[in-house]
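Bear in mind that the values here come from a model prediction, so they are computed numbers and not experimental data. Positions are given from 1 along the sequence. Order of appearance sets the numbers: ligands from 1, and atoms from 1 within every ligand.
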Amino acid sequence: MTENEVSDAGLSTEALTLAYRDRVVIRDLSLTVPDRRMTSILGPNGCGKSTLLKAMARLIAPAGGHVRLGGEDIGAIDTRALARRLAILPQSPKAPEGITVADLVRRGRTPWRGFLSPWTEQDANVCRQALEAVGLGELADRSIDELSGGQRQRAWIALVLAQDTSTLLLDEPTTWLDLTHQLEVLSLLQSRNRAHGTTVVCVLHDLNLAARYSDHLILLGPSGLVAVGPPGEVVTVENLDAAFGLKALVVPDPVTGCPMVVPH
Ligand SMILES: Nc1ncnc2c1ncn2[C@@H]1O[C@H](COP(=O)(O)OP(=O)(O)OP(=O)(O)O)[C@@H](O)[C@H]1O
Ligand SMILES: [Mg+2]
């Protein structure tokens, strides 16, 4: 299947145009997010990465074209059914004041619970595993306001893990994290992907980490899509110049052999 064919499994866009009032941010974009793989969206500030991710989660409606999930127009899927299939962590999520880590993560179970239905052992297990996966088991009773930026970010990631969906969209999940925790979060998402077949789509700024952890990249530039495909095809000198106006060398990462960007 070529990039521009629409998959009937997983997430895809078809002639998608996204705009804020009359200002078009994404124009006529058709692409397929490979099912059960790790995809990263890359590009300069303001090029429309968050806008695209939000449209993929139906948080904004297209000005034209479609987002499809499993072949269905995402706009036609029942809200609760969608929340059981797809979770999104926005770029700057806001927690209610004073909420604890455990309570925040419990919110991830909302789509799975009936109105006033009791909290089940399954709900508790999923939340505990999500907290442990991000290394916050010990801080479950702490207030979110009392956490460091990195701990808070990991609490939000635990929330989307607790939602237990087959597709995870995360907007800059490594912001605020030190390098060790960036690697930990990306490894965690990778192990979710490998163990559960979860389709993961991240917006990332670190090109080298994106190349290392992703099976597939979507590179946007100031005037739209620059390239899509595996890191070896997307992270090239020409594409980096087109997307970022960046003059760089691309060499094999000495640890993984993935493309590594060395700016001039
Ligand atoms: N709610 C909004 N109303 C109007 N314009 C918006 C809105 N949100 C974003 N924009 C504009 O749309 C463009 C794309 O924004 P977007 O947040 O998608 O960029 P981005 O690629 O995620 O950038 P960054 O790397 O800084 O997060 C920007 O020019 C931005 O100013
Ligand atoms: Mg953004």
Side-chain angles (χ1 to χ4, degrees), residues 3 11-33 38-67 69 74-75 86-95 149-150 152-157 159-160 167-179 181-182 185-186 189 199-214 216-229 231 234-235 239-248 261 263:
E3 282 305 329
L11 194 58
S12 60
T13 71
E14 188 191 327
L16 182 68
T17 296
L18 301 171
Y20 296 103
R21 283 179 224 96
D22 53 357
R23 186 158 175 275
V24 173
V25 176
I26 299 278
R27 189 184 297 278
D28 202 21
L29 180 70
S30 296
L31 54 79
T32 300
V33 171
M38 298 265 294
T39 293
S40 294
I41 304 176
L42 304 169
N45 290 134
C47 71
K49 302 179 297 297
S50 297
T51 303
L52 174 60
L53 204 74
K54 282 185 208 159
M56 286 175 165
R58 207 179 62 184
L59 297 182
I60 48 180
H66 305 272
V67 174
L69 183 64
I74 206 166
L86 180 148
I88 181 167
L89 175 59
Q91 188 164 358
S92 309
K94 303 255 181 311
R152 199 172 305 154
Q153 184 73 353
R154 285 187 282 143
W156 282 106
I157 292 169
L159 182 155
V160 289
T167 301
L168 271 181
L169 310 181
L170 304 104
D171 199 343
E172 300 195 26
T174 53
T175 308
W176 306 107
L177 303 183
D178 61 56
L179 185 55
H181 282 117
Q182 289 183 40
V185 162
L186 292 171
L189 295 172
T199 302
V200 179
V201 185
C202 291
V203 173
L204 292 177
H205 277 295
D206 188 313
L207 300 171
N208 295 333
L209 288 182
R212 188 185 275 208
Y213 281 94
S214 311
H216 189 79
L217 299 178
I218 300 170
L219 178 62
L220 301 175
S223 334
L225 185 67
V226 172
V228 281
V234 171
V235 182
N239 288 342
L240 294 173
D241 193 12
F244 297 97
L246 178 72
K247 307 293 176 211
V261 179

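- T51 OG1, 3.7 Å is the protein heavy atom nearest to atom 15 (O) of ligand 1.
- Between T174 and L209 there is no side-chain heavy-atom pair separated by less than 4.5 Å.
- The shortest side-chain heavy-atom distance between V33 and H216 does not fall under the 4.5 Å cut-off.
- Protein contacts to the Mg ion (ligand 2) involving N, O or S atoms at a distance below 2.8 Å are S50 OG, Q91 OE1.
- Between L240 and L207 there is a side-chain heavy-atom pair separated by less than 4.5 Å.
- Residues S30 and A15 share a closest heavy-atom pair of OG-N, 2.8 Å.
- In this structure, E172 counts as a contact residue of ligand 1, since one of its heavy atoms falls inside 4.0 Å of the ligand.
- T39 is not listed as a side-chain neighbour of L11, based on a closest heavy-atom distance of 4.5 Å or more.
- Y20 CE2, 3.7 Å is the protein heavy atom nearest to atom 1 (N) of ligand 1.
- Atom 31 (O) of ligand 1 has its closest protein heavy atom at R23 NH1, 4.3 Å.
- A 4.5 Å side-chain heavy-atom check between I60 and Y20 finds at least one atom pair inside the cut-off.
- Those atoms of ligand 1 that come under 4.0 Å of a heavy atom in H205, given as number and element, are 25 (O).
- Closest heavy-atom approach to atom 27 (O) of ligand 1 among the candidates R21, Q91, K54: Q91.
- L42 is not listed as a side-chain neighbour of V234, based on a closest heavy-atom distance of 4.5 Å or more.
- Here the side chains of V67 and L16 are in contact, with some heavy-atom distance below 4.5 Å.
- Remark: minimum distance from atom 26 (O) of ligand 1 to any protein heavy atom is reached at N45 ND2, 3.0 Å.
- Checked options L219, V201, L217, V228; the residue passing with I41 is V201 (criterion: side-chain contact (heavy atoms from CB on, under 4.5 Å)).
- By the criterion of a heavy-atom distance under 4.0 Å, the side chain of V25, and not its backbone, is placed next to ligand 1.
- Screening L53, V203, L170 against L89 for a side-chain contact (heavy atoms from CB on, under 4.5 Å) leaves a single residue, L170.
- Considering both main-chain and side-chain atoms, C47 comes within under 3.5 Å of ligand 1 through a nitrogen or oxygen pair.
- Scanning both residues, L220 and V226, for their nearest heavy atoms gives C-CG2, 4.0 Å.
- Looking at P222, P44, S50, it is S50 that brings a heavy atom closest to atom 22 (O) of ligand 1.
- Closest protein heavy atom to atom 25 (O) of ligand 1: K49 NZ, 2.7 Å.
- Counting heavy atoms from C-beta on, the side chains of D171 and P90 never come closer than 4.5 Å.
- For ligand 1, one of its N or O atoms has an N or O atom of G46 under 3.5 Å away.
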